[in-house]
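Structure record follows, encoded as structure tokens.
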Amino acid sequence: MRFILGIIVTIGVLLVVAIVVVDFGLMSFRADQTPSDFESKYAMKAVDSSTKRGAANLKNPIQPTDLNLLDGMRAYKTYCAGCHGDPAQPKSPLAESFYPPAPQFLSDMPDMPENENFYIIKHGIRFTGMPAWEKLAGDEQIWKVATFLSHMDKLPAAVDQEWKKPAPTNTTAPGN
């Protein structure tokens, strides 16, 4: 009986300590601060496990045709490149402003399966700066981006040429 009471008291004390830490703001969530060892070890493991579980039954309906890859590439350039880089700016200046830093896909190719990339793009990742795109883009567009991500290191020639094309420059002053 004393053993069980000891376990209950220990759990109660740990809960009170956790509540005090949270309520008094003793745990920092600043993105420009090195995270604790605990957070570094377990936070991304939790994200990976949650993503695998949530994406387990998703199947990509999009074939990697030139047209679908072009559509995915254009959406990526418009919505994703600012944080994840593109050929014109392989390392985004925003990348290190996030915690964890936004992955830079030109130097560290996406290696998650398409269903997991789709899940992350659609639902985002809390506390990272990765938004949920489901209210701004439909499933088809999100699948095209996920398909592009999984093929970006082996694009067909026509898509690769478009991917590496510099963004058009504005030659007129605003209002002209």
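Counting from 1, the numbers follow the sequence of the chain as shown. Basis for what follows: all heavy atoms, side chains included, without hydrogens, waters or symmetry-related copies.
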Report the C-alpha distance between K164 and D160 in whole Å, list the side-chain angles of each, state the deciding distance to 0.1 Å, and finish with yes or no for salt bridge (Lys or Arg N to Asp or Glu O under 4.0 Å).
CA-CA 6 Å; K164 292 177 179 166; D160 192 53; 3.0 Å; yes
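Annotation: side chain of K91 is not in contact with side chain of S107 (no heavy-atom distance under 4.5 Å). Side-chain contact between H123 and I120 is absent, with no heavy atoms from C-beta onward closer than 4.5 Å. Taking 4.5 Å as the limit, every side-chain heavy atom of L155 sits out of range of all side-chain heavy atoms of M73. At least one side-chain heavy atom of W163 sits under 4.5 Å from a side-chain heavy atom of K77. Between F105 and L149, the closest side-chain pair of non-hydrogen atoms falls below 4.5 Å.
The main-chain N or O of C83 is found under 3.5 Å from a side-chain atom of Q104 such that the two form a donor-acceptor pair. Panel note: side chain S92, backbone G82; a donor-acceptor pair is recorded below 3.5 Å. Side-chain atoms of N115 come within 3.5 Å of backbone N or O of A55 as a donor-acceptor pair.
S50 contributes atom OG, which lies 14.0 Å from atom NZ of K45 (distance to the nearest 0.5 angstrom). Here the straight-line distance linking atom CG of L14 with atom CD1 of I19 works out to 11.0 Å at 0.5 Å rounding. Atoms CD and CD1, on Q141 and I121 in that order, are 10.0 Å from each other to the nearest 0.5 Å. To the nearest 0.5 Å, the span separating OG1 on T147 from CH2 on W143 amounts to 7.5 Å. Atom OH in Y119 sits 12.5 Å away from atom CD1 in I142 (nearest 0.5 Å). Of the inter-residue distances, the one linking D86 atom CG with K165 atom NZ reads 14.5 Å to the nearest 0.5 angstrom.
Hydrophobic clustering, with ILVMFWY side chains joined whenever heavy atoms are under 4.5 angstrom apart, keeps V159 apart from L67. With hydrophobic clusters built from ILVMFWY side chains whose heavy atoms lie under 4.5 angstrom apart, V16 shares a cluster with L5. Note on Y79 and F98: separate hydrophobic clusters, where clusters join Ile, Leu, Val, Met, Phe, Trp and Tyr whose side-chain heavy atoms are under 4.5 Å apart, directly or indirectly.
Using a 30° and 60° split on the angle between ring planes, Y76 and F148 fall in the tilted class, from 30° to 60°.
What you find for V145 and C80 is that their closest heavy atoms are CG1-SG, 4.3 Å. Between T128 and P100, the shortest heavy-atom distance links the atoms CG2-CD, 3.6 Å. In plain terms, the two heavy atoms of P64 and L69 that are nearest each other are O-CD1, 3.5 Å. Here the closest non-hydrogen pair linking D66 and A158 is OD2-CB, 4.3 Å.
Evaluation of the salt bridge (charged side-chain N to carboxylate O under 4.0 Å, His left out) test over residues 107-136, restricted to residues two or more places apart or in two chains, returns K122-D139. Pairs engaging residues 40-59 under the ring pair (Phe, Tyr, Trp, His ring centres under 6.0 Å) rule: F38-Y42 [sequence neighbours left out].
When the shell of 6.0 Å around CG of L136 is examined, it contains more than 12 heavy atoms from other residues, nucleotides or ligands.
Residues forming a side chain to side chain donor-acceptor pair (under 3.5 Å) with N68 (at least two apart in sequence, or on another chain): T65.
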